Amino acid sequence: MNITVLVGSQWGDEGKGKIVDILSERYNIVVRYQGGANAGHTVLIGEKQFILHLIPSGILRENVQCVIGNGVVIDPKALLDEIKFLEENGISSEGRLFISQNAHLIMPYHKLLDSINESSATKIGTTGRGIGPCYIDKYARKGIKIVDLLDRRVLEEKIKINIEEKNNILKKVYNQKELDVNEIIKEYIEFDKLIDKYITDVPTFLNKAIDNEKAILLEGAQGTMLDVDFGTYPFVTSSNPTAGGACTGTGIPPTKISSVFGIVKAYTTRVGLGPFPTELTGEEGDKLRKVGNEFGATTGRPRRCGWFDAFLVNYSRMINGIERAAITKLDVLSYLDEIKVCIGYEINGKRLKSYPNNVNLLERVTPIYETLPGWKVDISNIKYYDDLPSETKDYLSFISQQAGFEISIISVGARRDQTIEL
Ligand code: GDP
Ligand code: IMO
Ligand code: MG
C-alpha cells in the first residue's frame, strides 16, 4: 500500500509543486485535500512555468488521475481558468480530473467579505481568495456545495437564502452595495454545465482505488504553521494543511495512510502577517528574497525571509509524523559565507522545552542559533549527493538531525533535473 501524504512543513511555498511533480511519476492518483486557490504550486517543465492553484500538480503527468477532495473550497472561475490554461498548453483534464460532490463553493460574497475583513483591525494578510469566509459558511452549515449544482431548484434556493443574509450584512454593517441574486444564479448554472462531467463520489472512488492497490499521493497546500489548529493562530489559513486533514478532506481512512513526507525549504519564508522568529529584516532579508526569488505565486507579494528554524520544523515533524523529507531551494544559500540555523527559543533567558503553539509566547521568543560555514560554490547542477561540497553535506546532516527526520530528496533548482535523490 502506498498512500503518501505530502505536507508543507513551514509557512507554505516550500516547493511542494515541484516535488509533487517529481514524485507523481510513481503514483496513479494525486489528490488535493484542503485549501483552495490561495495555493500557488509552481512546476517548471523545460522553459514553461505552470502555477497550479486548485488542480493537483500531478495533472502535468498524463498517466496520473487527479482528485479534488471535499476538504477543498472551489472558486469556479479559478477552476475554469486553470482547466483552460492547461488545455492551451496541451493538457486535457477530461477523464483525468475528479471533483468531490461535497467540496464547498466559493461564492462572490466570500471574496468580498475577505477583502472587507482585510481592511479591518483583524486583518491577517490573506490572499483575498475568499477562503476564510467560505470555510466560515461551511462550519456554520450554510455553505453551498458542488452537489447543490446538480439540482437547479436546490441551488437557486440556497443562493437566494445566502445572498439575502449576506446582502443584509453588506448593506447594514459594511455600507456596501447589494449583490444581484439572479446574476449569481446564472453564473453558477453556467459553471455547472462546464464541470458536471468532473463531479464524483470521491470517497468511493479513492477507496476502490486503494482496494485495487493504486498508489495515491495526497498534495497538501499551505503549510503546517498555517494550519488553523496547529499554526500561528490567528495568522493562519482556515483549513488543516497538516497530515490529519488528508483523511477528513478526502474520505481516506487513517489506517490506510502509509507515510507522511515533508517538504522543507532550506531557509524560512512567510507571506502575510504573524510572528516569524528567525526573520531577517533589512539588507540581509532583501538579499535572500532576491536570490531565492521569493515573491508569491498567487498574489505576487514579496515573501518575508529568514534563517532555517529547526525548532519549528521539528514541531512540524511531530504534528505530521514526518519520517522522510525533501529539502528544497538549497542552491539559494550558496552565496552565504555563514549560515545560521535556529535550534531553539528562549524567553527571558530561559530555554523553551517544547514549541510554543501560541502566538502570544511566540512573539516574545529569542531564537538560539548555531552558525555553520557556507559552501560558496554553485551547486545547482550537481546530480549526486557525493558530489556536494562537504559544507553542504554538513548543513544537511545538521538540519536533518535537529529536525528529526531523514532527507530523501534534495532540490537544487526549480527544474525537474535539478533534483538529487538519496
Ligand atoms: P509551493 O507553494 O510549495 O508549491 O511553492 P511555490 O511554487 O509557491 O514556491 C516555490 C518557488 O521556488 C517556485 O518558484 C519554484 O519554481 C521554485 N523552486 C522550487 N524548488 C526550487 C529549488 O530547489 N531551487 C530554486 N532556486 N527554486 C526552486
Ligand atoms: P501554498 O500552497 C503561503 C497565507 C496568506 C495569509 C494566510 C491566510 O502555495 O504554499 P488565506 O487566503 O488562506 O485566508 O490567507 O495564509 N497563505 C499562504 N502562504 N503559501 C500558501 O499556499 C498560502 N495560502 C495562504 O498569505 O498569511
Ligand atoms: Mg505557493
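Residue indices begin at 1 and follow the sequence shown. Start at 1 and go down the list; that is how both ligands and their atoms are numbered. Please read these numbers as outputs of a predicted model, since none were measured by experiment. Side chains are part of it too, since the values below use all heavy atoms of this structure and drop only hydrogens, waters and symmetry mates.
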Revision key, fill the gap. Atom 1 (P) of ligand 1: closest protein heavy atom, distance to 0.1 Å, is Lys16 N, 3.5 Å
Check your understanding: Any N or O of Leu330 that comes nearer than 3.5 Å to an N or O of ligand 1?
Key -> no
Review point. So between Gly125, Gly128, Ala37, Gly272, whose heavy atom ends up nearest atom 6 (C) of ligand 2?
Key: Gly125
Exercise for review: Out of Gly12, Gly220, Gly17, indicate the one that has the non-hydrogen atom closest to atom 4 (O) of ligand 1.
Suggested key: Gly17
Point to revise | Derivation and outcome, ring pair (Phe, Tyr, Trp, His ring centres under 6.0 Å), residues Tyr267 and Phe308 | key: CA-CA 4 Å; Tyr267 48 96; Phe308 186 78; 9.3 Å; no
Check your understanding: Does any N/O atom on Thr126 come nearer than 3.5 Å to any N/O atom on ligand 2?
Key -> no
Exercise for review: For atom CD of Glu406, decide whether the heavy atoms of other residues, nucleotides or ligands shown that lie under 6.0 angstrom number more than 12.
Suggested key: no
Review point. N/O to N/O below 3.5 Å, does that happen between Gly132 and ligand 2?
Key: no
**Study point:** Protein contact of atom 27 (O) of ligand 2 - nearest heavy atom, named by residue and atom, plus distance
**Key:** Val271 O, 3.0 Å
Review point. Short N/O distance, under 3.5 Å, between Arg301 and ligand 2?
Key: yes
Practice item. Pick one of side chain, backbone, both or neither for how Glu14 approaches ligand 2, counting any non-hydrogen atom pair under 4.0 Å. Key: neither
Check your understanding: So which heavy atom on Lys256 is nearest to which on Ile210, and how close?
Key -> CD-CG2, 4.0 Å
Point to revise | For atom 23 (C) of ligand 2, the option (of His41, Arg129, His53, Gln222) bearing the nearest heavy atom | key: Gln222
**Study point:** Identity of the nearest option to atom 4 (C) of ligand 2, non-hydrogen atoms only, from Ile51, Asn117, Leu226, Thr298
**Key:** Leu226
Exercise for review: Output the list of atoms in ligand 2 that are nearer than 4.0 Å to some heavy atom of Gly40, sorted by atom number.
Suggested key: 1 (P), 9 (O)
Point to revise | Numbered atoms of ligand 1 (with element) below 4.0 Å of Ser411, judged on heavy atoms | key: 20 (N), 21 (C), 22 (C), 23 (O)
Review point. Is the shortest N/O to N/O distance between Lys329 and ligand 1 below 3.5 Å?
Key: yes
Revision key, fill the gap. Under 4.0 Å from one or more heavy atoms of Trp11, ligand 2 contributes atoms 3 (C), 19 (N)
Point to revise | Per-atom contacts of ligand 2 with Ala39, taking only distances under 4.0 Å to non-hydrogen atoms | key: 1 (P), 2 (O), 9 (O), 22 (O)
**Study point:** Lys329, Lys18, Glu14 screened by side-chain hydrogen bond (donor to acceptor under 3.5 Å, both in side chains) with Ser411, the one that passes
**Key:** Lys18
Review point. What is the nearest protein non-hydrogen atom to atom 12 (O) of ligand 2, stated with its residue, atom name and distance?
Key: Thr127 OG1, 2.6 Å
**Study point:** Polar contact flag for Ala297 and ligand 1 (N/O pairs, less than 3.5 Å)
**Key:** no
Check your understanding: For ligand 2, which atoms, with element, lie under 4.0 Å from some heavy atom of Lys16?
Key -> 1 (P), 2 (O), 10 (O)
Check your understanding: Of Arg26, Arg324, Lys383, which is the lone residue that meets salt bridge (Lys or Arg N to Asp or Glu O under 4.0 Å) with Glu421?
Key -> Arg26
Practice item. Classify the contact between Val412 and ligand 1 as side chain, backbone, both or neither, using a heavy-atom distance cut-off of under 4.0 Å. Key: backbone
Review point. Should we count CD of Glu346 as having more than 12 external heavy atoms under 6.0 Å?
Key: yes
Point to revise | Nitrogen or oxygen atoms of Lys18 and ligand 1 under 3.5 Å apart | key: no
Point to revise | Residue portion contacting ligand 2 (non-hydrogen atoms closer than 4.0 Å) for Val236 | key: backbone
Review point. Among protein heavy atoms, which sits nearest to atom 13 (O) of ligand 2, and what does the distance come to when rounded to 0.1 Å?
Key: Thr237 OG1, 2.6 Å
Review point. Does some non-hydrogen atom of Gly223 fall short of 4.0 Å from ligand 2?
Key: no
**Study point:** CA sep, side-chain torsions, deciding dist, call: Trp11, Thr268, side-chain contact (heavy atoms from CB on, under 4.5 Å)
**Key:** CA-CA 8 Å; Trp11 276 290; Thr268 315; 3.7 Å; yes
Practice item. Under 4.0 Å from a heavy atom of Ala221: give me the atoms of ligand 2 that qualify, with their elements. Key: 2 (O)
Check your understanding: Looking only at heavy atoms, which two atoms of Asp75 and Leu54 are closest? And how far apart?
Key -> O-CD1, 3.8 Å
Check your understanding: Where on Phe235 is there a heavy atom closer than 4.0 Å to ligand 2, on the side chain, on the backbone, on both, or on neither?
Key -> neither
Point to revise | Heteroatom distance test (Val332, ligand 1): nitrogen or oxygen, under 3.5 angstrom | key: no
Exercise for review: For the pair Val30 and Ser57, evaluate side-chain contact (heavy atoms from CB on, under 4.5 Å) and give the outcome as yes or no after the intermediate values.
Suggested key: CA-CA 8 Å; Val30 180; Ser57 307; 5.9 Å; no
**Study point:** Any N or O of Asn38 closer than 3.5 Å to N or O of ligand 2
**Key:** yes
Study note, to complete from the structure: atom 20 (N) of ligand 2 has as its nearest protein heavy atom Asp13 OD1, 3.1 Å
Practice item. Would you check, one step at a time, whether the test side-chain contact (heavy atoms from CB on, under 4.5 Å) holds for Phe50 with Ile45? Key: CA-CA 8 Å; Phe50 293 86; Ile45 300 178; 4.3 Å; yes
**Study point:** Minimum heavy-atom distance between Arg32 and Pro56, given as atom pair plus value
**Key:** N-CG, 3.9 Å
Practice item. Check whether any side-chain heavy atom of Asn320 lies under 4.5 Å from a side-chain heavy atom of Phe230, and answer yes or no. Key: no
Review point. So do Ile136 and Ser238 actually touch side chain to side chain, heavy atoms under 4.5 Å?
Key: no
Practice item. Could you tell me which non-hydrogen atom of Trp375 sits nearest to which non-hydrogen atom of Leu330, and how far apart they are? Key: CZ2-O, 3.6 Å
Check your understanding: Quick one: which of Thr42, Asp21, Ile379 has a heavy atom closest to atom 14 (O) of ligand 1?
Key -> Thr42
Review point. How does Arg270 reach ligand 2, by side chain, by backbone, by both or by neither, if only non-hydrogen atoms under 4.0 Å count?
Key: neither
Practice item. For atom 18 (N) of ligand 1, state which one of Gly15, Ala414, Ser334, Gly40 supplies the nearest heavy atom. Key: Ala414
Practice item. Could you tell me which N, O or S atom of Asp13 is nearest to the Mg ion (ligand 3)? Key: OD1
Exercise for review: Answer with yes or no whether Gly8 contacts ligand 2, where contact means a heavy atom under 4.0 Å from a ligand atom.
Suggested key: no
Review point. Would you say the side-chain atoms of Ser400 pair up with the backbone N or O of Phe405, donor to acceptor, closer than 3.5 Å?
Key: yes
Check your understanding: Is there an N/O/S atom in Ala221 at a distance below 2.8 Å from the Mg ion (ligand 3)?
Key -> no
Practice item. Check each atom of ligand 1 against the heavy atoms of Gly413 and keep those under 4.0 Å away; list them by number with element. Key: 20 (N), 21 (C), 22 (C), 23 (O), 24 (N), 25 (C)
Check your understanding: Which residue from Gln49, Gln222, Arg303, Glu219 reaches closest to atom 9 (O) of ligand 1 through any of its heavy atoms?
Key -> Arg303
